[in-house]
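The structure appears right after this line, and notes come after that.
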Amino acid sequence: FTTRNSNSLFSGGGNFTFLLRTMATAGACVSYTYEFEDVIIEGSVFNDANGNTIINSGETFTTLPAPLYVYLVDSSGIVVDSANVLPNGSYTMAASPNQTYTIELSSVQYPEGTNINTTPVNNNPPTGFVTTGENGDANSGFGDLDPNGVLTVIVGTTNLTNKNFG
């Protein structure tokens, strides 16, 4: 829904209900519920043998050497979604549209609702891992140039892929 000048009236995922007064029946109101759909975020944790933050041939996992988790953190610092990284290194999370988030990689499990301002996510890689960088640029380019296990993502209304951690 937008105003006449195209400014959004509503943002974020979830439902809202509104009443619509019809002209056909004087004074009658009809209740409608509209559901915003979440945006899917997908990516991989991979063995970045050459350190270029791009998944090259032979750099994917068939079995993760340690349990890993990814956390979707909103602009207030709250973990709003999380996922176990699968044995092949892939993960999937859901986000409300039109917001900026960080995705944080960790070997420590945290519950959704965790406030990272008071309980920071431990982004240290597990024993034997070396973080080479994060790449949210469709598996191209140089990544975010800060190998810290944290990737900023700007979510619009379409699904996001290749939000990767090397």
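Atom set for the values below is all heavy atoms of this structure, side chains included, hydrogens, waters and symmetry mates excluded.
- Shortest non-hydrogen contact noted between Ile40 and Ala94 is CD1-CB, 4.3 Å.
- Side-chain contact check for Val130 versus Pro125: every heavy-atom pair is 4.5 Å or farther apart.
- Contact annotation: the side chain of Pro65 approaches that of Phe129 to within less than 4.5 Å [non-hydrogen atoms, C-beta and beyond].
- The shortest distance between side-chain heavy atoms of Val85 and Leu64 falls below 4.5 Å.
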Between Val153 and Thr100, is a side chain to side chain contact (heavy atoms under 4.5 Å, CB included) present by the stated rule, with each step listed? CA-CA 6 Å; Val153 292; Thr100 300; over 6 Å; no

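- Judged purely by atom type and a 3.5 angstrom limit, Asp81 has no side-chain atom pairing as donor or acceptor with the backbone of Leu72.
- When atom types are taken as modelled, the side chain of Asn115 and the backbone of Pro120 share no donor-acceptor pair closer than 3.5 angstrom.
- Residues Gln99 and Asp74 have side chains that never bring a donor and an acceptor to within less than 3.5 angstrom of each other.
- Pairs of residues two or more places apart, or lying in two chains, that qualify as ring pair (Phe, Tyr, Trp, His ring centres under 6.0 Å) and include a residue from residues 71-94 are Tyr71-Tyr110.
- Atom CD1 in Ile78 sits 7.0 Å away from atom CG in Asn117 (nearest 0.5 Å).
- For the pair Thr131/Phe165, no side-chain contact is recorded, criterion being any heavy-atom separation below 4.5 Å from C-beta on.
- Judged purely by atom type and a 3.5 angstrom limit, Glu134 uses its side chain to pair as donor or acceptor with the backbone of Gly149.
- There is a path of hydrophobic side-chain contacts, each under 4.5 Å, that joins Leu160 to Leu105.
- A donor-acceptor pair is defined here as one N or O able to donate and one able to accept, closer than 3.5 Å; such a pair exists between the side chain of Asp144 and the backbone of Asp146.
- Here CG of Asn162 is found 8.5 Å from OG of Ser140. Values are rounded to the nearest 0.5 Å.
- Considering OG of Ser82 and CD1 of Ile103, their distance stands at 12.5 Å, rounded to 0.5 Å.
- Within the 3.5 Å criterion, the main-chain N or O of Ala49 finds a donor-acceptor partner in the side chain of Glu59.
- Side-chain atoms of Ser106 come within 3.5 Å of backbone N or O of Val108 as a donor-acceptor pair.
- Pairing each heavy atom of Asn50 with each of Asn56, the nearest pair is ND2-OD1, 3.1 Å.
- Residue Met93 is grouped with residue Val80 when hydrophobic side chains (ILVMFWY) are merged at heavy-atom distances under 4.5 angstrom, including chains of intermediate members.
- Put simply, the side chain of Asp48 gets close to the backbone of Asn52: a donor and an acceptor are under 3.5 Å apart.
- A heavy-atom distance below 4.5 Å is found between the side chains of Asp38 and Ser96.
- Residues Val73 and Tyr101 fail the side-chain proximity criterion, which asks for heavy atoms closer than 4.5 Å.
- Proximity of Ile41 to Asn159: side-chain heavy atoms (C-beta onward) are nowhere separated by under 4.5 Å.
- Listed for the Asn88 side chain is a donor-acceptor partner under 3.5 Å among the backbone atoms of Ser90.
- How far CG of Asn123 is from CD1 of Ile116: 8.0 Å, rounded to the nearest 0.5 Å.
- The structure places CD1 of Ile55 at 4.5 Å from OG of Ser44, a figure rounded to the nearest 0.5 Å.
- Counting only distance, with no hydrogens or angles, the side chain of Lys163 and the backbone of Gly43 share no donor-acceptor pair below 3.5 Å.
- Between the Asn135 side chain and the Asn164 main chain, no donor and acceptor come within less than 3.5 Å of each other.
- We find the CZ-OG1 distance between Phe46 and Thr60 to be 10.0 Å, quoted to the nearest 0.5 Å.
- Note on Val155: it clusters hydrophobically with Val70, by side-chain heavy-atom contacts below 4.5 Å among ILVMFWY residues.
- Proximity of Asn47 to Phe61: side-chain heavy atoms (C-beta onward) are separated by under 4.5 Å at one or more points.
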